[in-house]
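First up is the structure itself, then whatever we jot down about it.
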2 protein chains.
Amino acid sequence: MTDDSLYGRLRSAILSLDLAPGQRLSERGLEPEFGASRTPIRAALMRLESEGLAQRDGKNWMVAPLNLDEIRALYEYREVLESATTRLASERASREDLEELAELASTSDAGETPEHSLDAGTSFHLELARISGNPFLEDAMRSVLTRLYRTRWLEVQSAESRDRVHAEHSSIASALLAGDSASAELATIDHLRGTDERLRQSVASDRLRLRASGIAVD
Amino acid sequence: MTDDSLYGRLRSAILSLDLAPGQRLSERGLEPEFGASRTPIRAALMRLESEGLAQRDGKNWMVAPLNLDEIRALYEYREVLESATTRLASERASREDLEELAELASTSDAGETPEHSLDAGTSFHLELARISGNPFLEDAMRSVLTRLYRTRWLEVQSAESRDRVHAEHSSIASALLAGDSASAELATIDHLRGTDERLRQSVASDRLRLRASGIAVD
DNA sequence: CTCTCGACTGTGGTATACCAATATGGTATC
DNA sequence: GATACCATATTGGTATACCACAGTCGAGAG
């Protein structure tokens with residue numbers, strides 16, 4: 001799962017908040033920290049930029065900041081993608097696909113750590129996208145989940161939220177297993193709207209504490 | 001409109017088929033042709049890879065080939081994006097936005113060249129995405145239009161196709177101006193399905209001729 | 001004539017030197 | 001003391017040298 005390439009290590013550092021949102025990055029400054037020279041560092045930064053994890057501020061690099069407007073737009077976008085994904089998955093998925101999806105839904109056990117819950121949720125939504133049969137939907141979902149990763153981490157801090165996510169994933173998987181496309185689509189939309197709401201409340205309420213940790217939220 | 005950066009020139013060369021789909025590219029081989037050294041060439045190739053215009057074949061670079069399965073998946077993906085885009089645009093667009101959109105629709109005049117028709121169509125769909133108010137939908141539409149550019153070029157060769165595209169764009173704009181969201185969404189879906197069908201017929205019927213020109217279609 | 005093996009050419013990957021532009025900080029002047 | 005200006009350090013952008021690897025072509029052995 002862990003990617004020990006320079007790109008993977010930089011990505012992990014950003015997603016784990018080791019590199020704070022909004023933090024300025026210099027290519028030469030990253031050389032000693034990651035033990036690589038500017039050429040591969042630049043390549044990794046360019047790739048991270050295309051994924052929305054790094055940005056340019058003029059000519060300088062920075063870790064992509066957290067932005068409430070962007071989160072809202074991402075959830076709207078995700079609802080477009082994922083409702084269609086659920087519908088297509090219902091039309092196309094094999095029995096085995098759906099059983100694996102149900103297993104992934106049950107794996108996101110509430111007793112686990114926030115990290116496990118987050119990764120399990122990521123796997124669930126990516127598998128759902130995969131069985132939709134459209135690789136562009138899958139790529140778009142992967143991109144959205146990546147962009148939302150750092151904020152989703154906030155939401156999944158409370159055991160109550162993890163329980164709710166778990167139950168909602170199970171509802172989606174059950175509806176798909178029952179062949180009820182409409183219910184599955186509605187369950188997906190409910191899940192996203194609930195998650196969005198809980199998440200943005202977390203961000204808003206934690207904003208001051210976050211800022212105290214050096215994490216700016218626009 | 002033209003981008004004289006190295007990236008822009010490489011992109012144009014691919015989209016205009018000066019660099020044939022499937023053609024192998026070597027970083028050093030591009031140096032004399034584009035008058036730049038490997039470093040910026042590599043950067044441009046990596047960016048084009050993230051946009052789906054260049055690919056890697058093992059360690060080697062190649063111009064992204066044309067692939068009928070991919071075209072089908074792209075149109076399915078695009079229908080997901082653009083039906084939602086139309087709905088959101090109908091909810092949010094100002095009167096000025098919609099009038100500009102209608103103007104763009106009428107600009108795609110049937111008497112123009114294929115290139116003009118294609119660029120006008122691109123502008124229409126990008127403007128529609130812009131007034132949806134969601135930057136991620138807009139970026140995704142831009143990406144889809146870029147990936148489909150070379151194949152759309154085939155479809156727009158006949159004046160008859162250009163007429164039809166023009167009429168369909170006008171229908172969408174009219175429905176939006178009338179505030180009829182449902183009709184606009186249906187007109188968008190009709191437009192895409194018709195375009196998809198005409199396009200894939202063009203590709204299929206031209207496949208042999210294309211191959212004779214060195215353009216492989218999988 | 002065929003097959004195998006080796007030298008060679010070309011590939012991308014990386015490190016690094018150099019350049020121009022810009023931000024910075026200290027100093028001198030008002 | 002404030003401000004303007006200049007030296008300097010740091011930045012990203014680019015060109016290039018070197019490396020390891022792979023694919024190819026040719027020569028030599030069977």
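In what follows, chains carry the letters A, B, and so on, assigned in the order in which the sequence lines appear, proteins first and then strands, with residues in each chain numbered from 1. Quantities reported herein were computed from a predicted structural model and do not represent experimental measurements.
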Going by heavy atoms closer than 4.0 Å, what residues in residues 49-56 of chain A are next to DNA chain D?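 The answer is A:Arg56.
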Partner residues of [X] under the side chain to side chain donor-acceptor pair (under 3.5 Å) criterion, sequence neighbours left out:
X: B:Gln23; result: none
X: A:Ser16; result: A:Asp18
X: B:Ser132; result: none
X: B:Gln157; result: none

Please list, in 5' to 3' order, the outermost nucleotides of DNA chain D lying under 4.0 Å from any heavy atom of chain B.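 Range of nucleotides touched by chain B: D:dT14 to D:dC18.
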Here the residues of residues 23-48 of chain B within 4.0 Å heavy-atom distance, strictly under, of DNA chain C are B:Arg24, B:Leu25, B:Ser26, B:Glu27, B:Arg28, B:Arg38, B:Arg42
I'd like to check the side-chain contact (heavy atoms from CB on, under 4.5 Å) partners of [X]; sequence neighbours left out, ordered by chain and number.
X: B:Thr151; answer: B:Leu66, B:Ile71, B:Leu148, B:Leu199, B:Val203
X: A:Leu15; answer: A:Arg11, A:Leu53, A:Tyr149, A:Arg150
X: B:Ser90; answer: B:Leu176, B:Ser181
X: B:Pro65; answer: B:Gln55, B:Met62, B:Asp218

Enumerate the salt bridge (Lys or Arg N to Asp or Glu O under 4.0 Å) contacts for residues 20-33 of chain A, please, sequence neighbours excluded, ordered by first and then second residue.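 Every salt bridge (Lys or Arg N to Asp or Glu O under 4.0 Å) pair that includes a residue of residues 20-33 of chain A, provided the two are not neighbours, is A:Glu27-A:Arg38, A:Glu27-A:Arg42.
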One thing to verify: whether B:Asp97 and B:Arg130 come together as a salt bridge, which I'm taking to mean a side-chain N less than 4.0 angstrom from a carboxylate O.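 A salt bridge links B:Arg130 with B:Asp97.
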